[in-house]
Amino acid sequence: MAEEKIVVVVCGAGFATSTAGENEVKKLAKSLGIKVKMNKRRATELKTVLSTMKPDMYLLMTPVSTELNAPKVNGVPFISGIGKEEALEEMRKILEAE
């Protein structure tokens with residue numbers, strides 16, 4: 001199995017929406033046989049994340065204007081249901097990339 005992927009889930013408060021996003025990443029990763037290490041962070045913590053972590057992917061449950069150091073996926077479809085399949089496919093491509 002490949003190395004563990006690091007995923008940062010970013011939301012406004014760090015509670016409900018980030019948990020929903022985290023669950024979607026975990027389900028997808030499990031179905032792909034990929035190990036993930038999840039980190040939930042508030043958008044206000046992004047500068048610290050950028051200086052201390054090198055994630056493989058960001059899942060954004062809220063809009064951010066900060067330039068990120070890894071691919072990002074819009075996680076709002078996991079709350080609204082609109083565009084969920086497209087978001088899952090985008091995450092799959094990122095997680096499967098070496």
Side-chain angles (χ1 to χ4, degrees):
M1 183 180 287
E3 65 186 53
E4 187 175 60
K5 300 284 185 164
I6 299 171
V7 178
V8 176
V9 182
V10 180
C11 77
F15 299 111
T17 59
S18 62
T19 300
E22 176 183 34
N23 290 339
E24 291 293 338
V25 173
K26 285 179 175 178
K27 282 193 298 190
L28 177 63
K30 184 177 181 180
S31 74
L32 298 171
I34 296 171
K35 291 176 102 175
V36 291
K37 179 177 181 181
M38 304 298 302
N39 289 276
K40 296 192 291 186
R41 297 289 186 260
R42 294 184 304 268
T44 56
E45 298 175 301
L46 274 178
K47 287 186 181 180
T48 301
V49 170
L50 290 168
S51 67
T52 60
M53 297 178 68
K54 178 62 175 115
D56 295 287
M57 181 181 83
Y58 288 91
L59 181 62
L60 305 178
M61 306 306 289
T62 189
V64 299
S65 58
T66 305
E67 184 73 27
L68 302 173
N69 59 351
K72 62 184 176 187
V73 174
N74 177 8
V76 174
F78 300 122
I79 303 300
S80 70
I82 300 168
K84 182 177 177 179
E85 292 305 316
E86 293 85 351
L88 285 169
E89 177 62 16
E90 195 175 348
M91 283 197 316
R92 184 195 61 76
K93 289 178 183 177
I94 294 168
L95 293 174
E96 288 184 331
E98 291 298 321

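Along the sequence shown, the residues carry numbers beginning at 1.
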Fill in: Derivation of the side-chain contact (heavy atoms from CB on, under 4.5 Å) call for Tyr58 and Leu46
CA-CA 11 Å; Tyr58 288 91; Leu46 274 178; 4.0 Å; yes
Practice prompt. Walk me through it: do Val49 and Val10 pass the test side-chain contact (heavy atoms from CB on, under 4.5 Å)?
Written response: CA-CA 10 Å; Val49 170; Val10 180; over 6 Å; no
Worksheet entry | Contact summary for Gly75 and Leu59, nearest pair of heavy atoms | CA-CD1, 3.5 Å
Worksheet entry | Separation between CG of Asn23 and CG of Leu28, rounded to the nearest 0.5 Å | 12.5 Å
Fill in: Asn39: side-chain contact (heavy atoms from CB on, under 4.5 Å) partners, not counting sequence neighbours
Ile6, Val8, Lys37, Arg41, Met53
Fill in: Any donor-acceptor N/O pair, Lys54 side chain to Asn69 backbone, under 3.5 Å
yes
Practice prompt. Please determine, by modelled atom types, if Thr66 and Lys47 share a side-chain donor-acceptor pair under 3.5 angstrom.
Written response: no
Worksheet item: Of all residues at least two apart in sequence or in a different chain, which pass the salt bridge (charged side-chain N to carboxylate O under 4.0 Å, His left out) check with Glu90?
Response: none
Discussion item. Measuring from atom CG of Leu50 to atom CD of Glu45, what distance do you get when rounded to the nearest 0.5 angstrom?
Written reply: 11.5 Å
Fill in: Residues forming a side-chain contact (heavy atoms from CB on, under 4.5 Å) with Ile79, sequence neighbours excluded
Thr17, Ala20, Met61
Worksheet item: If you take all heavy atoms of Glu4 and Asp56, which pair is closest and at what distance?
Response: O-OD2, 4.1 Å
Item to complete: List the steps, then state whether side-chain contact (heavy atoms from CB on, under 4.5 Å) holds for Lys93 with Glu89.
Response: CA-CA 6 Å; Lys93 289 178 183 177; Glu89 177 62 16; 3.3 Å; yes
Fill in: Common cluster, Val9/Val36, ILVMFWY with side-chain heavy-atom separation under 4.5 Å
yes
Practice prompt. Under the side-chain contact (heavy atoms from CB on, under 4.5 Å) rule, what do Met91 and Met57 come out as? Steps first, then yes or no, please.
Written response: CA-CA 8 Å; Met91 283 197 316; Met57 181 181 83; 3.7 Å; yes
Practice prompt. Taking the side chain as every heavy atom from C-beta outward, state whether Met38 and Lys26 have any pair of such atoms under 4.5 Å apart.
Written response: yes
Item to complete: Would you indicate whether the side-chain heavy atoms of Val7 and Leu95 approach each other to under 4.5 Å?
Response: yes
Worksheet entry | Val64 to Leu60 - nearest heavy-atom pair and separation | CG2-CD1, 3.8 Å
Response to the item:
Closest heavy-atom pair, Pro77 versus Ile82, reported as atoms and distance to 0.1 Å, is CB-O, 3.1 Å
